[in-house]
Amino acid sequence: MKIILATQNSGKLKEFNALAQGSGLEFIPIARNGNVIFPEETGKSFFENALIKANYAFSLTGKAAMGDDSGLEVDALRGKLGVHSSRFSKESTDASNINKLLKEMEEVKEKNRTARFKCCLVLITNKNNPPLIAEGLLEGKISKEIKGNMGFGYDPVFIPKGSSLHMAELENHQKNLISHRANAFKLLLNQLN
Ligand code: ITT
C-alpha cells in the first residue's frame, strides 16, 4: 500500500521508508518538486498538527495519507519546546534551534537535563473510516555539546536514556530501533494489520 507522507522534512521520509521495510507499505513524498504550500500548524498538540497535515495531503491527493508531528519536551524548560520545536528560533533552522536550546540550558545541571522526543502519527486511509492515530516517545537528556552528523533536527544534542552516544552518532538502523517515530509506527502497524 502506498501512503502519501505529508511532510517537507526529507529526514522523516527516509526514516519512514526504512521503518516500513517488509511491511508492504511505501511512503511517497507529497511533493517531489517542493511546489506544495503547506497549511499553517495551528494545533495546540502534536495530534492536532498531525491531523492538519494528514487531512491536507488526503484532500489534495485523494490517496491514503499520513501526517507526523513531533518534537522535544525539555523538563528544565517546563515542557517546551512542544509543538513549537521546529520554530523555536527565529531562523527556524536545525542549527539555530540547537544553538538557542543550548544557550537557554547553559546553567542547567547534568541531572536536570532530562527530555523526551514525542511523535504523533495520523493516517487517513479513506473518507469513510476514522483516522488511525499512534503516539510514541523516547526518553533521554539534552547534552552540553553538539555531536554526530546523522539523523536530523535535534539529534546532535539528544542522548537517549541508557546510551553514551548522541542520537546523531547512531547509524540509521540503530535510531530506528529506539526512536519515538519507530515506537509510534509500530503501534500504527498493529492497528493496520
Ligand atoms: P513537517 O512539519 O513538514 O513534517 P518539520 O521538520 O517541520 O516537518 P514538525 O513540525 O513535526 O516537523 O517539527 C518537529 C521538530 O522536531 C523539528 O524541529 C524536527 O527537526 C524535530 N524533530 C522531530 N523528530 C526528530 C528526530 O527524530 N530527531 C531530531 N529532531 C526531531
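First listed ligand is number 1; within each ligand, the first listed atom is number 1.
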Could you go step by step and tell me if Glu135 and Lys118 meet the salt bridge (charged side-chain N to carboxylate O under 4.0 Å, His left out) rule? CA-CA 7 Å; Glu135 293 182 331; Lys118 283 193 171 172; over 6 Å; no

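- Heavy-atom contacts of Asn9 reach the following atoms of ligand 1: 3 (O), 6 (O), 8 (O) (cutoff under 4.0 Å).
- Here the CD1 atom belonging to Ile159 is positioned 14.0 Å from the NZ atom belonging to Lys161, to the nearest 0.5 angstrom.
- Close contacts of ligand 1 with Asp155, meaning ligand atoms under 4.0 Å from a residue heavy atom, involve 26 (C), 28 (N), 29 (C).
- Taking the six-membered ring where tryptophan is involved, the planes of His180 and Phe117 are essentially parallel, since the angle between them stays under 30° and well short of 60°.
- In terms of protein heavy-atom proximity, atom 30 (N) of ligand 1 is nearest to Tyr154 N, 3.0 Å.
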Verdict with supporting geometry, Glu110 and Lys141, salt bridge (charged side-chain N to carboxylate O under 4.0 Å, His left out): CA-CA 9 Å; Glu110 188 67 32; Lys141 63 181 182 192; 3.0 Å; yes

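- Looking only at protein heavy atoms, the nearest one to atom 12 (O) of ligand 1 is Lys12 NZ, 2.9 Å.
- Closest to atom 14 (C) of ligand 1 among all protein heavy atoms lies Ser70 O, 2.9 Å.
- By the 4.5 Å heavy-atom criterion applied to side chains, Leu137 and Asn183 are not counted as neighbours.
- Look at Glu15 and Lys175 and you find a salt bridge, because one of the NZ, NE, NH1 or NH2 atoms lies within 4.0 Å of a carboxylate O, short of that distance.
- Using modelled atom types, one side-chain atom of Lys100 and one backbone atom of Phe88 make a donor-acceptor pair closer than 3.5 Å.
- Scanning the protein for heavy atoms near atom 1 (P) of ligand 1, the closest one is Thr7 OG1, 3.3 Å.
- In the model, Asp68 has a side-chain atom that pairs as donor or acceptor with a side-chain atom of Ser70 under 3.5 Å.
- Close contacts of ligand 1 with Asp69, meaning ligand atoms under 4.0 Å from a residue heavy atom, involve 9 (P), 10 (O), 11 (O).
- For the pair Lys175 and ligand 1, a heavy-atom separation below 4.0 Å is found.
- The side-chain heavy atoms of Leu138 and Arg116, taken from C-beta on, include no pair separated by under 4.5 Å.
- In this structure, the protein non-hydrogen atom closest to atom 10 (O) of ligand 1 is Glu41 OE1, 3.0 Å.
- Nearest protein neighbour of atom 22 (N) of ligand 1, counting heavy atoms only, is Phe152 CE1, 3.9 Å.
- Contact annotation: Gly71 has at least one heavy atom less than 4.0 Å from an atom of ligand 1.
- Considering both main-chain and side-chain atoms, Asn97 never comes within under 3.5 Å of ligand 1 through any nitrogen or oxygen pair.
- Among all non-hydrogen protein atoms, the one lying nearest atom 24 (N) of ligand 1 is Arg181 NH2, 2.9 Å.
- Checked for salt-bridge contact, Arg113 and Asp75 miss the test: no charged N lies under 4.0 Å from a carboxylate O.
- Closest to atom 20 (O) of ligand 1, if we only count protein heavy atoms, is Gly153 CA, 3.2 Å.
- At least one heavy atom of His180 sits less than 4.0 Å from an atom of ligand 1.
- Of all the atoms in ligand 1, the ones that sit under 4.0 Å from a non-hydrogen atom of Ser85 are 15 (C), 16 (O), 18 (O).
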